[in-house]
A.B. asks: 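Handing you a structure now.
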Amino acid sequence: MDIASSVKDLLSGGSVLTVGTIATMLLGFVETAVLTRVLSTSDYGTYALAIGLIWTLAAIGQVGLGATARRYVADFRAQNDRGRAREVARITLAVGTAVALIVGGMTWVLRDILADVVFQAPLLAPLFAGFAVALVGKIILDISADIALGVQAAVRTVLAGETGQRILRLTVALCIFVGIVSVSDAGLVLGILLLLGAGAAVIGVVNTTVGLVGPVHPVNKRRLLRFALPLAASSVTGQVLSIVDITLLGLISGTEAVGLYRPAFAVASAVTVGYVGLNRLFSPIATEYISREEIGSLAGLVTVFRFWTFLVTGTIFVYTSTFASALLRLFFGPGYGTSAPVVYAIGGALTLSVGIGPVGSLLEATERSRTIAVSYLLALGVNIGLNTVLIPKFGAAGAAIGTGISLLLLNAIQASSLHQHLRGTLSLRRLLLPATVAASALFIIRTTVNSVLIIVVLSPIFFTLIIGVTIIGLERTDAEQQFLDLIS
């Protein structure tokens with residue numbers, strides 16, 4: 001495979017996935033805004049709690065099938081073996097549907113116990129009953145999105161994935177807003193919409209990418225199982241890891257500390273908006289290289305990927321962190337400026353993690369699912385320990401520091417398990433020019449601009465300046481020059 005062509009495919013599909021990620025964030029914001037204006041705080045809390053639990057159960061209920069479909073569909077596609085790719089899609093969809101029915105059925109049967117005993121909120125019972133149906137549709141949609149990602153069908157991935165599902169959630173929220181649907185019936189309405197969406201995804205997404213009808217070739221089911229089971233464990237661990245900081249912060253420091261922490265965490269997470277979509281597509285592309293045993297070319301692609309994603313993420317981070325306090329006050333209110341240390345810690349950790357490279361995607365491509373599971377387990381243990389020690393002393397900043405360190409540890413463990421040649425390289429010397437220009441520009445802005453609105457307006461100009469200087473001023477690698485020649 002040609003590295004320049006792969007970079008072009010990565011940017012083409014990755015840009016679609018990035019737009020989908022941004023759209024998902026915006027749709028979630030609108031959904032929240034709509035619901036909070038029509039529901040009481042208590043009713044909205046009930047709805048958010050129920051749908052949050054179902055979304056978590058859906059992620060766990062995939063039992064690694066989505067990643068398995070993504071990895072092996074890409075593998076067999078690289079070998080031009082459509083029959084095995086079709087069989088992988090059939091197996092993962094069939095098993096996923098069966099698991100979804102079991103988990104959804106258990107949720108429906110235990111709805112009263114979950115509502116009355118676990119959450120002590122009887123109003124959750126009818127929502128759990130409806131969302132149990134939604135659970136089935138969501139799991140099928142998620143697996144369908146991963147199958148589409150395996151063949152690098154970015155638009156179909158976005159439609160079947162989180163963006164498409166957010167559109168359906170927003171539809172239900174608008175129905176509640178205009179009074180067509182009550183909160184108690186919202187779960188069932190969303191469930192029906194997700195089931196219809198799942199059927200459309202299987203026909204319109206899976207069938208048009210790998211084809212459900214046609215000859216199949218047998219696949220090694222044990223190989224699929226050995227890959228999927230550790231990922232199922234890492235899914236559970238990853239879900240727990242994502243809520244440890246907030247849970248411990250609430251228990252130790254109270255809900256006010258959580259309220260200050262969450263907005264700052266969201267701002268810090270936004271620094272990776274340019275990386276997330278590209279990284280999702282990197283896994284199937286890396287799988288194709290490995291399937292063809294083109295490890296040297298893959299390492300060259302990783303080197304290009306690491307440099308440019310780190311440059312983009314770092315540029316966003318240095319600007320955001322420099323004006324973190326002012327931005328938090330502007331977006332969320334005067335009291336949120338004190339949460340700036342959360343942006344420094346989480347944003348810095350995420351930026352450094354991007355610099356380490358797409359190690360999770362590479363482990364997935366090389367079938368190292370056990371390593372992924374172990375790394376998540378170790379990072380979870382460190383996260384719990386650090387948060388327990390740091391939160392009593394530093395509050396929200398302590399939670400951010402503990403979480404940031406655990407995120408770095410997660411990526412470092414995964415990177416250490418990869419062969420050095422496969423990890424590519426990150427040239428710090430090439431970063432010297434953009435770093436110098438960024439420092440100079442930030443000094444000028446910080447010393448001359450007093451309006452936070454102007455700071456926001458200047459952000460895209462700053463970003464364009466740094467990327468433009470890098471493109472013009474740096475000597476290009478062979479792969480970068482080939483890419484420019486390809487698109488020119």
Side-chain angles (χ1 to χ4, degrees), residues 13-35 47-48 50-70 92-93 96 100 131 133-174 186-187 190-191 193-202 204-206 209 231 235 238-239 241-243 262 265-266 269-270 272-284 350 360-361 364:
S15 61
V16 174
L17 295 175
T18 299
V19 171
T21 300
I22 296 172
T24 301
M25 294 178 181
L26 293 176
L27 289 167
F29 176 80
V30 174
E31 177 191 356
T32 301
V34 168
L35 289 174
Y47 183 87
I51 201 168
L53 175 63
I54 294 304
W55 247 238
T56 300
L57 286 176
I60 296 172
Q62 281 194 53
V63 291
L65 291 169
T68 301
R70 181 173 63 241
T92 51
L93 278 173
F131 282 144
V133 180
L135 188 62
V136 180
K138 176 167 174 54
I139 290 177
I140 296 173
L141 278 168
D142 288 341
I143 295 174
S144 299
D146 278 314
I147 292 172
L149 190 58
V151 297
Q152 300 173 34
V155 174
R156 294 184 180 94
T157 300
V158 169
L159 292 176
E162 281 296 323
T163 305
Q165 295 172 37
R166 278 285 184 180
I167 292 174
L168 296 180
R169 283 177 54 169
L170 179 59
T171 300
V172 175
L174 291 172
L190 180 60
L193 289 177
L194 284 174
L195 279 179
L196 292 174
V202 171
V205 174
V206 179
T209 53
L231 288 180
S235 295
Q239 287 294 322
L241 180 63
S242 67
I243 62 172
R262 284 300 297 271
F265 189 97
S269 300
T272 62
V273 67
Y275 170 81
V276 173
L278 294 174
N279 187 48
R280 287 190 67 195
L281 194 61
F282 194 87
S283 175
L350 290 173
S361 295
E364 182 180 305

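Atoms considered below: every heavy atom in the structure, side chains included; atoms not considered: hydrogens, waters and symmetry mates. Throughout, numbering of the chain's residues begins at 1 and tracks the sequence. Everything quoted here is computed from the prediction, not taken from an experiment.
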A.B. asks: Backbone N or O of Ser269 within a donor-acceptor pair of the Thr272 side chain at under 3.5 Å?
C.D. replies: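 Indeed, once roles are kept as given, a pair shorter than 3.5 Å links the two residues.
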A.B. asks: Run the numbers on Val133 and Leu195 for side chain to side chain contact (heavy atoms under 4.5 Å, CB included), then give the verdict.
C.D. replies: CA-CA 8 Å; Val133 180; Leu195 279 179; 3.3 Å; yes
A.B. asks: Go through the steps for Val276 and Thr18 under the test side chain to side chain contact (heavy atoms under 4.5 Å, CB included), then give the verdict.
C.D. replies: CA-CA 7 Å; Val276 173; Thr18 299; over 6 Å; no
A.B. asks: Run Glu162 and Thr24 through side-chain hydrogen bond (donor to acceptor under 3.5 Å, both in side chains) and show every step you take.
C.D. replies: CA-CA 7 Å; Glu162 281 296 323; Thr24 301; 6.0 Å; no
A.B. asks: Leu141 pairs by side-chain contact (heavy atoms from CB on, under 4.5 Å) with which of Val202, Leu159, Leu194?
C.D. replies: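 Going through the options one by one, the only one that passes is Leu194.
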A.B. asks: Is there a side-chain contact between Val151 and Pro284, using heavy atoms and a 4.5 Å cut-off?
C.D. replies: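 Side chain of Val151 against side chain of Pro284, heavy atoms only: no contact under 4.5 Å found.
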A.B. asks: Evaluate Leu281 against Thr157 for side chain to side chain contact (heavy atoms under 4.5 Å, CB included), listing each step before the verdict.
C.D. replies: CA-CA 10 Å; Leu281 194 61; Thr157 300; over 6 Å; no
A.B. asks: With a 4.5 Å limit on heavy-atom distance, are the side chains of Arg169 and Leu27 in contact?
C.D. replies: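 Arg169 vs Leu27: side chains apart.
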A.B. asks: Considering only heavy atoms from C-beta outward, does the side chain of Ile140 approach that of Leu93 to under 4.5 Å?
C.D. replies: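 Yes. Closest side-chain heavy atoms under 4.5 Å.
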A.B. asks: I'd like to check the side-chain contact (heavy atoms from CB on, under 4.5 Å) partners of Ile60; sequence neighbours left out, ordered by chain and number.
C.D. replies: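 For Ile60, the residues satisfying side-chain contact (heavy atoms from CB on, under 4.5 Å) (neighbours in sequence not counted) are Thr56, Val236, Gln239.
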A.B. asks: Is a donor on one side and an acceptor on the other found under 3.5 Å between the side chain of Ser361 and the backbone of Asn279?
C.D. replies: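 Side chain of Ser361 to backbone of Asn279, a donor-acceptor pair under 3.5 Å: yes, one is there.
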A.B. asks: Please report the C-alpha distance between Thr21 and Arg280 in whole Å, then the side-chain angles of each, then the deciding distance to 0.1 Å, and finally whether the side chain to side chain contact (heavy atoms under 4.5 Å, CB included) criterion is met.
C.D. replies: CA-CA 11 Å; Thr21 300; Arg280 287 190 67 195; 5.6 Å; no
